[in-house]
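Down below is the structure, laid out as structure tokens.
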Amino acid sequence: QLQLVESGGGLGQPGGSLRLSCAASVSGFTLDLDHYAIGWFRQAPGKEREGVLCISGSGDSTNSADSVKGRFTISRDNAKSTVYLQMNSLKPEDTAIYYCAASASDELFRTCMLWKPVYDYWGQGTPVTVSS
């Protein structure tokens, strides 16, 4: 069973930055993420879980929610089996629990999509609070 663990959440200041990490493993060992698309989702209090940003299995393309374009970026380090979400220019409305998810679907190898049903594995989430 593939396990995903998010980290890096916490308190951020408006206009500041945070970097979240998503580490993948099987029975405590890291694995190659070359064929997995990775998506970041978030769920604010009282809201539905929504897509934020994803990266294709090949790493060649990304898909971003309009609310974070120009502020958030996603990257992957397959050697470390880790995907990062760099969050810049934070806003209070970015406050949410952030989840990473992985998909082995061939349909997401070249391009990814922010649609929850296509993702097979989910992390437990890491909370992010943005306030002064």
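Just so you know, these numbers use all the heavy atoms, side chains as well, and skip hydrogens, waters and symmetry mates.
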Open item on the list: Just so I know, are the side chains of Val5 and Gln124 near enough to count as touching, which here means a heavy-atom distance under 4.5 Å?
Closed with: yes
TODO: Please round to the nearest 0.5 Å and tell me the distance separating atom CG of Leu18 and atom CG of Leu11.
DONE: 8.0 Å
Task: Ring geometry between Tyr98 and Phe72 (parallel below 30°, tilted from 30 to 60°, perpendicular above 60°) - done: tilted
Task: Taking every non-hydrogen atom, the tightest pair across Ala96 and Arg42 - done: CB-CB, 3.8 Å
Open item on the list: What's the separation between atom CG in Leu53 and atom OG1 in Thr73, rounded to the nearest 0.5 Å?
Closed with: 7.5 Å
Task: Thr95 side chain to Val130 backbone, donor-acceptor under 3.5 Å - done: yes
TODO: Using only heavy-atom distances, determine whether the side chains of Ser17 and Asn88 contain a donor-acceptor pair under 3.5 Å.
DONE: yes
- [ ] Evaluate whether atom CD of Glu93 has more than 12 neighbouring non-hydrogen atoms of other residues, nucleotides or ligands under 6.0 angstrom away.
- [x] yes
Task: Lys116 side, atom NZ; Trp122 side, atom CH2 - distance, nearest 0.5 Å - done: 6.5 Å
Open item on the list: When you measure from the side chain of Thr82 to the backbone of Lys80, do you find a donor-acceptor pair of N or O atoms at a distance under 3.5 Å?
Closed with: yes
Task: Neighbour count >12 (heavy atoms, 6.0 Å) for atom CD, Glu107 - done: no
Task: Trace of the side-chain contact (heavy atoms from CB on, under 4.5 Å) decision for Cys112 with Asn63 - done: CA-CA 6 Å; Cys112 68; Asn63 192 12; 3.8 Å; yes
- [ ] Write down the atom of Trp40, the atom of Cys22, and the distance for their closest heavy-atom approach.
- [x] CZ2-CB, 3.6 Å
Task: Heavy-atom side-chain contact between Met87 and Leu20 under 4.5 Å - done: yes
- [ ] Provide the closest heavy-atom pair for Cys54 versus Tyr119 in the form atom of the first, atom of the second, distance.
- [x] CB-OH, 3.5 Å
TODO: Please name the pair of heavy atoms, one in Tyr36 and one in Ala102, separated by the smallest distance, quoted to 0.1 Å.
DONE: CD2-CB, 4.1 Å
Open item on the list: So does Cys100 get a backbone contact from the side chain of Glu6, meaning a donor-acceptor N/O pair under 3.5 Å?
Closed with: yes
Task: Leu2 reachable from Ile55 in the ILVMFWY side-chain graph, under 4.5 Å edges - done: yes
Open item on the list: What's the separation between atom CD in Glu50 and atom OG in Ser67, rounded to the nearest 0.5 Å?
Closed with: 5.5 Å
Open item on the list: So which atom in Pro14 and which in Ser132 form the shortest heavy-atom distance, rounded to 0.1 Å?
Closed with: CD-N, 3.7 Å
Open item on the list: Using a 6.0 Å distance limit plus a 45 degree cone around the ring axis, check whether Arg49 lies over the aromatic ring of Phe41.
Closed with: no
TODO: Please answer whether the main-chain N or O of Ser56 pairs with a side-chain N or O of Arg76 as donor and acceptor at a distance below 3.5 Å.
DONE: yes
Open item on the list: Using the rule given for side-chain contact (heavy atoms from CB on, under 4.5 Å), can you reason through Thr126 versus Ile97, listing the C-alpha separation, both sets of side-chain angles and the distance that settles it, and then say yes or no?
Closed with: CA-CA 5 Å; Thr126 185; Ile97 298 176; over 6 Å; no
Open item on the list: A quick test of your reading: do over 12 heavy atoms of other residues, nucleotides or ligands sit less than 6.0 Å from CD of Gln13?
Closed with: no
Task: Smallest separation among heavy atoms of Val128 and Gly9, with atom names - done: CG2-CA, 4.0 Å
TODO: Quick one: pull up OG in Ser103 and CZ in Phe109 and give me the separation to the nearest 0.5 Å.
DONE: 12.5 Å
Open item on the list: Distance alone, cut at 3.5 Å: any donor-acceptor contact between the side chains of Ser131 and Thr129?
Closed with: no
Task: From Ile38 atom CD1 to Leu85 atom CG, the distance as rounded to the nearest 0.5 Å - done: 12.0 Å
TODO: Answer yes or no: is there a donor N or O on one side and an acceptor on the other, between the side chain of Asp77 and the main chain of Val83, under 3.5 Å?
DONE: no
Task: Donor-acceptor contact below 3.5 Å, side chain Arg110 vs main chain Asp106 - done: no
Task: Partner of Ser64 under side-chain contact (heavy atoms from CB on, under 4.5 Å), chosen from Asp66, Val68, Thr62 - done: Val68
